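Right, one structure below, let's go through it.
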Amino acid sequence: MQLGANLPKIGSYNRAVVLEAIQASDGISRVQIADRTRLTAQTVSVIVRRLLEEGLVVEDGSVPSGGGKPRTILRLDPGAGYAVGVHFDPKEISCVLADLAGRPVARSHLAVRAGLRPEAVIRQMARAARRILREAGVPDGKVLGVGLACPGPLDGEGVMVSPPRLPAWDQVPIKQVLREHTRFPVTVDNDATAAAIGERWAGIARTTPSFAYLYLGTGIGGGIFLDNQVYRGRSMNAAEFGHITVEPDGPECYCGNRGCVEAVCCPSAIEAVLGIPHAAACAAAARGEPAAREVIDRVAGRLADAAVSVVNMLDIDLLVLGGPALREVGEIYREVVARAVSSRALARRLHVVRVETSPIAADAAAIGAASLVFHATYAPRLGTTLLGE
């Protein structure tokens, strides 16, 4: 939870701090907001009144105060606004319509036909976004924008720069083109950072100041929150956990190194070893079939090696595992990673680092994409920006 500041000219920041306190809670009073944010009761009262007038917050019952007037409970109004989240994977477009609480209202999935030009694929994204709004009956006036999660690297203007799994997409201004086709503001980020923001806005990390997200999809990436702020790095492409070396003599990775986590642990690497589709490999491992389980255990061990490095480097409170590649083996990965972090992290005797699988793992990037819009619009940020309008 972030603290407010009783200083002039930062009213918008304090407003965001109060809104975050309400959004992260399951009902909270004005007194509790003041206590958690360190803002004065008067400041909280003024901000809450404005949030009520704007329709972002509602009063929802009361609780005893321990002697005085009952305290009114405040909650975010989920129907106050919506965002469309689009996740562009090389093989599939996933679309989620989420309310202001980050809860999915509708979902859709659309296969990407091989060989389509970028412009045609972006038009598919726009049509999917428009269709999901139309079918859900949400008017444009209630839509805060479209969030896009896609493979990186991305530059500061939302242009894809030499994405390794999408060679035809180099220098494609994906943010600008999607905005033109949807006619909504567009906020874009790489899929792993989007998933981390989704976990922060609506998942298990809502009240966790510092955490890392290890994203397993077609490739492997990550997202980082440090002291309540998303960390993107100098070129907006931090947390490339997939390129931590875990097998120095391992297979060559497209990044130029050998034995990267992605080269060893991504779905295509598992398929190459077992000779069956990744989904079948995960299902077989979950059933306990020896050959598949041996490979999945080895992959889990390499993920654990990388996780220990991440924990040692960042000194975080929580490590979240998510993404569609978890499938049926998410708990296998979680147990192995948790055991390694609890026994090998340098600061293990000072504090416990939780390791959890995301409850929204399969749609993590799409829900995260929608959350990009909410985060860009409402999250408290001092000196940090998103690639938004």
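Quantities reported herein were computed from a predicted structural model and do not represent experimental measurements.
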Assess whether side chain to side chain donor-acceptor pair (under 3.5 Å) is satisfied between Tyr378 and Gln23, documenting all intermediate values.
CA-CA 10 Å; Tyr378 296 122; Gln23 187 270 335; over 6 Å; no
Tell me, with the steps shown, if Tyr231 and Leu314 meet side-chain contact (heavy atoms from CB on, under 4.5 Å).
CA-CA 11 Å; Tyr231 179 75; Leu314 300 176; over 6 Å; no
Carefully, step by step, assess Leu214 and Val310 under the rule side-chain contact (heavy atoms from CB on, under 4.5 Å).
CA-CA 10 Å; Leu214 181 57; Val310 170; over 6 Å; no
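A 4.5 Å side-chain heavy-atom check between Leu154 and Met236 finds every atom pair outside the cut-off. A heavy-atom distance below 4.5 Å is not found between the side chains of Val146 and Arg179. In this structure, Leu133 and Val84 have side chains that are in contact, with non-hydrogen atoms separated by less than 4.5 Å. The shortest distance between side-chain heavy atoms of Thr245 and Arg258 does not fall below 4.5 Å. Side-chain atoms of Ser342 and Val352, non-hydrogen and from C-beta on, never get closer than 4.5 Å to each other. Annotation: side chain of Ile28 is not in contact with side chain of Ile73 (no heavy-atom distance under 4.5 Å). For the pair Cys150/Lys175, no side-chain contact is recorded, criterion being any heavy-atom separation below 4.5 Å from C-beta on. Here the side chains of Arg15 and Glu54 are in contact, with some heavy-atom distance below 4.5 Å.
Phe225 meets the ring-ring contact (aromatic ring centres under 6.0 Å, His included) test with Phe211, His375; sequence neighbours excluded. The side-chain hydrogen bond (donor to acceptor under 3.5 Å, both in side chains) search around Glu294 returns none, not counting sequence neighbours. Every residue two or more places apart in sequence or in another chain that forms a side-chain contact (heavy atoms from CB on, under 4.5 Å) with Gln42 is listed here: Thr40. With sequence neighbours excluded, the residues forming a side-chain contact (heavy atoms from CB on, under 4.5 Å) with Ala136 are Leu97, Val138, listed by chain and number. With sequence neighbours excluded, the residues satisfying side-chain contact (heavy atoms from CB on, under 4.5 Å) with Ala149 are His87, Asp191, Ala194, Ala365, Ala369. In this structure, the salt bridge (charged side-chain N to carboxylate O under 4.0 Å, His left out) partners of Arg298, at least two apart in sequence or on a different chain, are Glu247. Ser309 pairs by the side-chain hydrogen bond (donor to acceptor under 3.5 Å, both in side chains) definition with nothing, not counting sequence neighbours. Not counting sequence neighbours, the partners of Glu59 by the side-chain contact (heavy atoms from CB on, under 4.5 Å) test are Arg30, Leu52, Thr72, Leu74.
How far OG1 of Thr357 is from CD1 of Ile332: 12.0 Å, rounded to the nearest 0.5 Å. Once rounded to the nearest 0.5 Å, the distance linking OG of Ser29 with CD1 of Ile22 reads 10.0 Å. Going from atom CG of Leu144 over to atom OG1 of Thr187 covers 10.0 Å, rounded to the nearest 0.5 Å. Taking OG1 of Thr207 as the reference point, atom CG of Asn228 lies at 9.5 Å (rounded to 0.5 Å). Here CG of Leu226 is found 5.0 Å from OG of Ser210. Values are rounded to the nearest 0.5 Å. The OG atom of Ser358 lies 10.5 Å from the OH atom of Tyr215; values are rounded to the nearest 0.5 Å.
Note on Arg200 versus Glu20: salt bridge recorded, some NZ/NE/NH1/NH2 to OD/OE distance being below 4.0 Å. Look at Arg334 and Glu331 and you find a salt bridge, because one of the NZ, NE, NH1 or NH2 atoms lies within 4.0 Å of a carboxylate O, short of that distance. Ionic pairing of Glu262 and Arg302 is not present here: no N-O contact between side-chain nitrogen and carboxylate oxygen is shorter than 4.0 angstrom.
Remark: of the listed residues Asp155, Asp170, Asn190, Leu166, Leu166 is the sole one forming a side-chain contact (heavy atoms from CB on, under 4.5 Å) with Met160. In summary, of the residues considered (Val264, Leu216, Val308, Leu321), a side-chain contact (heavy atoms from CB on, under 4.5 Å) with Leu303 occurs for Leu216 alone.
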Just list the side-chain donor-acceptor pairs under 3.5 Å for residues 266-288, sequence neighbours left out, or say none.
from   : atom 1 : to     : atom 2 : distance (Å)
Glu271 : OE2    : His278 : N      : 2.9
Arg287 : NE     : Glu289 : OE2    : 3.1
Arg287 : NH2    : Glu289 : OE2    : 2.7

May I have the list of side-chain donor-acceptor pairs in residues 103-130 shorter than 3.5 Å, sequence neighbours left out?
from   : atom 1 : to     : atom 2 : distance (Å)
Arg103 : NE     : Asp99  : OD2    : 3.3
Arg103 : NH2    : Asp99  : OD2    : 3.3
Arg107 : NE     : Asp363 : OD2    : 2.7
His109 : ND1    : Ser94  : OG     : 3.1
Glu119 : OE2    : His181 : NE2    : 2.8
Arg130 : NE     : Thr182 : O      : 3.4
Arg130 : NH1    : Asp140 : OD1    : 3.0
Arg130 : NH1    : Asp140 : OD2    : 3.1
Arg130 : NH2    : Thr182 : O      : 2.8

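Of all heavy-atom pairs spanning Gly322 and Tyr213, the tightest one is CA-OH, 3.2 Å. Smallest separation of non-hydrogen atoms from His243 and Cys255: ND1-SG, 3.4 Å. When all heavy atoms of Val57 and Leu19 are compared, the pair lying nearest together is CG2-CD1, 4.0 Å. Summarising the geometry of Leu318 relative to Ala205, their closest heavy-atom pair is CD2-CB, 3.9 Å, with the distance given to 0.1 Å. Nearest approach of Ala307 to Val337, heavy atoms of both residues: CB-CG1, 3.6 Å. Annotation for Arg232 and Val230: closest pair NH1-CG1, 2.9 Å, computed over non-hydrogen atoms.
Side-chain atoms of Trp201 come within 3.5 Å of backbone N or O of Leu100 as a donor-acceptor pair. Under the 3.5 Å distance criterion, the side-chain polar atoms of Thr193 are left unmatched by any main-chain donor or acceptor of Asp189. Within the 3.5 Å criterion, the main-chain N or O of Cys260 finds no donor-acceptor partner in the side chain of Asn257. The main-chain N or O of Ser235 is found under 3.5 Å from a side-chain atom of Asn237 such that the two form a donor-acceptor pair.
Inspection of the Asp317 and Thr208 side chains reveals no N or O donor paired with an N or O acceptor under 3.5 Å.
Each side chain to side chain donor-acceptor pair (under 3.5 Å) pair with one or both residues in residues 343-355, not counting sequence neighbours, appears once here: Asp305-Arg344, Asp315-His351. Residue pairs satisfying the side chain to side chain donor-acceptor pair (under 3.5 Å) criterion with at least one member in residues 73-86, sequence neighbours excluded, are listed as follows: Asp26-Arg75, Asp60-Arg75.
Both Val295 and Val261 are members of a single hydrophobic cluster when ILVMFWY side chains are connected at heavy-atom separations under 4.5 Å. The hydrophobic clustering, which links ILVMFWY residues whose side-chain heavy atoms are closer than 4.5 Å, places Phe241 and Ile197 apart.
The environment of CZ in Arg50 is sparse: at most 12 heavy-atom neighbours from other residues, nucleotides or ligands sit within 6.0 Å.
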